[in-house]
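Quick caveat, the model's predicted, so the values are computed rather than measured. Here is the naming used below: chain letters follow the sequence lines, and residue numbers restart at 1 for every chain.
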Protein chains: 2
Amino acid sequence: MDEKLGSAQGALIQALGRQSAFWGLGKTAGEMYAVLYLSDEPLSLEEVARSLKVTKGNISIAIRQLEQLGMVKRSRKIGDRRVFFTAETDFWQIAHSVLELRHKPEFAETFTMVNESYKYAEQAKPSPEKGIAVERLQALQEFYRLIDGIVETTLSMRPEQLKRIIKMIKIIPLKEKGE
Amino acid sequence: MDEKLGSAQGALIQALGRQSAFWGLGKTAGEMYAVLYLSDEPLSLEEVARSLKVTKGNISIAIRQLEQLGMVKRSRKIGDRRVFFTAETDFWQIAHSVLELRHKPEFAETFTMVNESYKYAEQAKPSPEKGIAVERLQALQEFYRLIDGIVETTLSMRPEQLKRIIKMIKIIPLKEKGE
DNA sequence: TATTACGTTTAGAAGCTTCTAAACGATGTA
DNA sequence: TACATCGTTTAGAAGCTTCTAAACGTAATA
């Protein structure tokens with residue numbers, strides 16, 4: 001491989017490995033994606049393993065995560081028993097499925113528990129503590145709904161539409177700061 | 001403490017501990033915040049430690065994180081050597097500082113490395129591989145800029161303004177799906 | 001000054017995650 | 001059927017994170 005391309009690959013492996021770990025996907029998953037993302041042709045499991053200097057077993061497990069998130073596609077060549085992998089390049093779609101499959105269930109679970117907490121608080125016998133608890137749990141629920149609204153709305157748009165909206169918002173003076 | 005309030009607290013501790021871990025803050029930090037969030041008065045370090053059945057040292061370290069993120073305020077009472085803690089209840093402000101202090105530096109670092117990767121790829125000698133690499137690294141850079149724009153714009157608004165925008169977007173038919 | 005009551009730091013234990021090496025299973029080929 | 005070549009699974013090693021217990025530093029009080 002071209003030396004400069006090798007450096008480019010190295011830098012991207014570092015970059016995406018880091019991001020991937022940050023988002024809770026594990027470093028290897030991001031590194032694998034980086035390798036596939038820069039390849040002009042599908043790579044076999046062993047090729048990926050060799051690029052990253054890790055074992056096949058390691059790749060086998062990590063790649064499943066990536067497939068489940070729609071970040072990697074599996075393909076085959078006729079007359080070849082090996083399995084080949086390709087990076088999904090549509091980041092918007094990836095964002096969709098990551099939020100849908102990883103973040104949404106986590107949020108839903110938490111939201112359920114907050115609701116439960118709220119129900120308990122309501123049943124407590126009157127006291128200043130109860131007052132504070134009920135009030136704050138309501139505020140928390142509302143915040144969750146706001147976040148959910150933002151994410152849902154954002155994902156309902158295509159990137160081009162979003163860019164337009166962002167431009168619009170930047171232009172609008174937003175005078176009403178002291179609401 | 002009222003039994004129901006105890007249950008409410010337990011549920012919230014679970015909920016926020018979970019979320020906190022999910023966002024990379026560590027379980028204890030979220031649990032501490034939950035305890036403070038439901039309290040109608042500032043709590044001492046030892047009271048928090050007792051509520052969660054962990055050691056003081058543990059709390060001492062975790063609370064520093066929360067302070068740095070602006071999620072908890074420290075206060076004192078005259079004639080009392082103890083330090084008391086209060087939960088910041090403005091989630092919007094918390095979102096701001098968490099994104100600013102935790103996510104932004106991480107993104108900036110990654111973005112720098114992606115740029116570096118791009119520069120290397122440009123310097124490679126012409127080949128199909130190079131073509132793919134340059135093209136894709138550009139796409140990745142653009143995606144990063146989009147995400148950054150979304151976050152910056154979102155944070156530049158007050159929650160009320162955001163809600164209005166979200167409502168607007170939901171009403172607009174967005175016919176142009178096949179762009 | 002000695003004592004007490006607090007928060008902080010630190011060394012090490014416990015637990016969890018992630019990796020490797022090797023066995024295993026399955027599938028295509030002679 | 002026997003063999004070779006893959007991907008997958010698994011038991012255990014290594015490394016990292018997070019917790020505890022205890023020592024330590026500090027500031028107020030007598």
Side-chain angles (χ1 to χ4, degrees), chain A residues 13-14 16-36 41-69 71-86 102 106, chain B residues 13-14 16-36 41-69 71-86 102 106:
Chain A
I13 287 172
Q14 261 211 291
L16 298 193
R18 195 175 165 136
Q19 276 281 297
S20 173
F22 188 74
W23 291 103
L25 269 190
K27 189 163 64 76
T28 311
E31 292 177 343
M32 285 184 41
Y33 183 82
V35 170
L36 293 174
E41 50 185 10
L43 297 179
S44 72
L45 190 136
E46 207 187 347
E47 286 172 309
V48 177
R50 203 149 10 98
S51 305
L52 295 175
K53 296 188 177 61
V54 294
T55 59
K56 290 184 303 170
N58 206 348
I59 298 292
S60 177
I61 289 170
I63 214 145
R64 205 155 18 190
Q65 287 184 68
L66 291 180
E67 278 187 281
Q68 284 171 354
L69 292 174
M71 294 178 67
V72 157
K73 300 295 178 201
R74 188 178 285 248
S75 65
R76 320 207 48 163
K77 293 178 186 170
I78 43 176
D80 195 328
R81 272 189 41 233
R82 288 176 297 173
V83 178
F84 293 88
F85 301 96
T86 318
R102 278 189 63 84
E106 184 61 35
Chain B
I13 287 173
Q14 261 212 289
L16 298 192
R18 195 174 166 136
Q19 277 281 297
S20 173
F22 188 73
W23 291 104
L25 269 190
K27 189 163 64 75
T28 311
E31 292 177 342
M32 285 184 40
Y33 183 82
V35 169
L36 293 174
E41 51 185 10
L43 298 179
S44 72
L45 189 137
E46 207 186 348
E47 286 171 310
V48 177
R50 202 150 9 98
S51 305
L52 295 175
K53 295 188 178 62
V54 294
T55 60
K56 289 185 304 170
N58 206 350
I59 297 292
S60 177
I61 289 170
I63 213 143
R64 205 156 15 189
Q65 286 184 68
L66 291 180
E67 277 187 283
Q68 284 170 353
L69 292 174
M71 294 178 68
V72 157
K73 300 295 178 203
R74 188 179 285 248
S75 64
R76 321 206 48 162
K77 293 178 186 170
I78 42 176
D80 196 330
R81 272 191 38 233
R82 287 174 298 173
V83 178
F84 293 88
F85 300 98
T86 319
R102 279 187 63 84
E106 184 63 33

Inset, instruction - Would you mind checking if B:Arg102 and B:Glu106 are paired as a salt bridge, meaning a charged N to carboxylate O distance below 4.0 Å? - result: no

Legend entry - A:Val72 and A:Thr86, any side-chain heavy atoms less than 4.5 Å apart: no

Inset, instruction - Would you kindly give the CG-to-C1' distance between A:Leu66 and D:dG7, to the nearest whole Å? - result: 16 Å

Legend entry - Of residues 49-60 of chain A, the positions that come close to DNA chain C - non-hydrogen atoms, cut-off under 4.0 Å: A:Lys53, A:Val54, A:Thr55, A:Asn58

Legend entry - First of B:Arg74 and B:Arg81 reached from the 5' end of DNA chain C, by closest nucleotide: B:Arg81

Legend entry - Distance, rounded to the nearest Å, where B:Ile78 contributes CD1 and D:dA28 contributes P: 14 Å

Legend entry - For atom CZ of B:Arg82 and atom P of D:dA27, their distance in whole Å: 18 Å

Inset, instruction - Would you mind telling me which residue lines up with the more 5' stretch of DNA chain D, B:Gly26 or A:Val83, judged by nearest nucleotide? - result: A:Val83

Inset, instruction - Specify the closest pair of heavy atoms between A:Leu16 and A:Tyr33, including all atoms of both residues, with the distance to one decimal. - result: CD1-CD2, 3.8 Å

Inset, instruction - Tell me, yes or no, whether the heavy-atom count around B:Glu46 atom CD, taken from other residues, nucleotides or ligands under 6.0 Å, exceeds 12. - result: no

Inset, instruction - To the nearest Å, give me how far apart CG (A:Leu45) and P (D:dG7) are. - result: 5 Å

Legend entry - Interatomic distance where NZ belongs to B:Lys77 and P belongs to D:dA28 [whole Å]: 18 Å

Inset, instruction - Would you kindly give the CD1-to-P distance between A:Ile63 and D:dG7, to the nearest whole Å? - result: 10 Å

Legend entry - Sugar-phosphate, base or nothing in reach of B:Arg64, heavy atoms under 4.0 Å: sugar-phosphate

Legend entry - Beyond-backbone contact of A:Arg74 with A:Phe84, side-chain heavy atoms, under 4.5 angstrom: no

Inset, instruction - Mark yes or no for whether A:Arg76, through its side chain, and A:Arg81, through its backbone, hold a donor-acceptor pair below 3.5 Å. - result: yes

Legend entry - Heavy-atom closest pair, residues A:Glu47 and A:Pro42: OE1-O, 4.4 Å

Inset, instruction - Indicate yes or no: does B:Lys73 engage B:Glu67 in a salt bridge with an N to O separation below 4.0 Å. - result: no

Legend entry - Closest heavy-atom pair and its distance - B:Leu66, B:Met32: CD1-CE, 3.9 Å

Inset, instruction - Walk along DNA chain C from 5' to 3' and tell me the first and last nucleotide with an atom closer than 4.0 Å to a non-hydrogen atom of chain A. - result: C:dC19 to C:dG28

Inset, instruction - Write down the distance between CD (A:Glu67) and P (D:dG7), rounded to a whole number of angstrom. - result: 12 Å

Inset, instruction - Please work out if A:Thr28 contacts a base, only the sugar-phosphate, or nothing of the nucleic acid, heavy-atom cut-off 4.0 Å. - result: sugar-phosphate

